[in-house]
Amino acid sequence: MRNLEIFLSKLKDMKLVFQREVSEINKNVATKPVEAIEVLDSLNKRYNLGIKRDDFKMEQGLDTIGEHFVTVTYKSEQFNKDFTFYVKVQIRPRAAPATASAKI
């Protein structure tokens with residue numbers, strides 16, 4: 001029971017930050033979206049959740065700069081239960097690399 005309480009407390013305030021280059025046409029859109037596998041890898045690395053790829057589902061990929069609340073689902077073999085929770089995903093614009101002409 002204590003393991004479940006610890007796990008549930010981790011699910012409450014999860015925040016992940018990703019930096020992406022932005023489109024030249026629309027500065028609010030990342031050129032490469034944040035995919036479910038990146039979110040899963042970050043959750044496992046930062047929060048030590050140990051979620052397997054087959055047990056994890058995320059509704060969508062994200063490509064808009066800003067803060068998003070993403071619904072994810074995780075099937076836990078350990079607790080024999082499905083968990084659905086929100087992860088706050090923030091996408092920040094990455095500074096564009098300096099071009100050769102800008103250095104001259």
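Owing to the predicted nature of the structure, the values given are computational and were not obtained by experimental measurement.
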Problem set entry | Taking every non-hydrogen atom, the tightest pair across R46 and K15 | NH1-O, 2.7 Å

Problem set entry | Joint hydrophobic cluster, V17 plus L49, side-chain heavy atoms closer than 4.5 Å | no

Problem set entry | Check: I51 main-chain N/O paired with N44 side-chain donor or acceptor under 3.5 Å | yes

Exercise. Of the non-hydrogen atoms in E24 and K27, which two are nearest, and what is the gap between them?
Worked result: OE1-NZ, 3.8 Å

Problem set entry | Nearest-0.5 Å distance, OH of residue Y74 to NZ of residue K52 | 8.0 Å

Exercise. Can L43 be reached from F79 by stepping across I, L, V, M, F, W or Y side chains whose heavy atoms are under 4.5 Å apart?
Worked result: yes

For this session: Would you please name every residue forming a salt bridge (Lys or Arg N to Asp or Glu O under 4.0 Å) with K88, sequence neighbours left out?
Result: none

For this session: Report yes if some heavy atom in the side chain of T64 is under 4.5 Å from a heavy atom in the side chain of R20; otherwise report no.
Result: no

Exercise. Got a second to check how far K32's NZ is from I91's CD1, nearest 0.5 Å?
Worked result: 11.0 Å

Exercise. What do you reckon, is NZ of K45 surrounded by more than 12 foreign heavy atoms closer than 6.0 Å?
Worked result: no

Exercise. Quick one: CG on D82 to CG on D55, what's the gap to the nearest 0.5 Å?
Worked result: 9.0 Å

Exercise. Nearest heavy-atom pair of F56 and A36: which atoms, and what distance?
Worked result: CE2-O, 3.6 Å

For this session: Can you measure from NE2 (H68) to OG1 (T71) and round to the nearest 0.5 angstrom?
Result: 13.0 Å

Problem set entry | Cluster link F85 to I37, ILVMFWY, side chain under 4.5 Å | yes

Exercise. Could you give the distance from CD1 (I65) to CD (Q19), rounded to the nearest 0.5 Å?
Worked result: 9.5 Å

Problem set entry | N28 CG to D63 CG distance, which is reported to the nearest 0.5 Å | 10.5 Å

Exercise. When hydrophobic residues are tied together by side-chain contacts of less than 4.5 Å, even through go-betweens, does L40 share a cluster with Y86?
Worked result: no

For this session: Compare all side-chain heavy atoms of M58 with those of V70 and state whether any distance is below 4.5 angstrom.
Result: yes

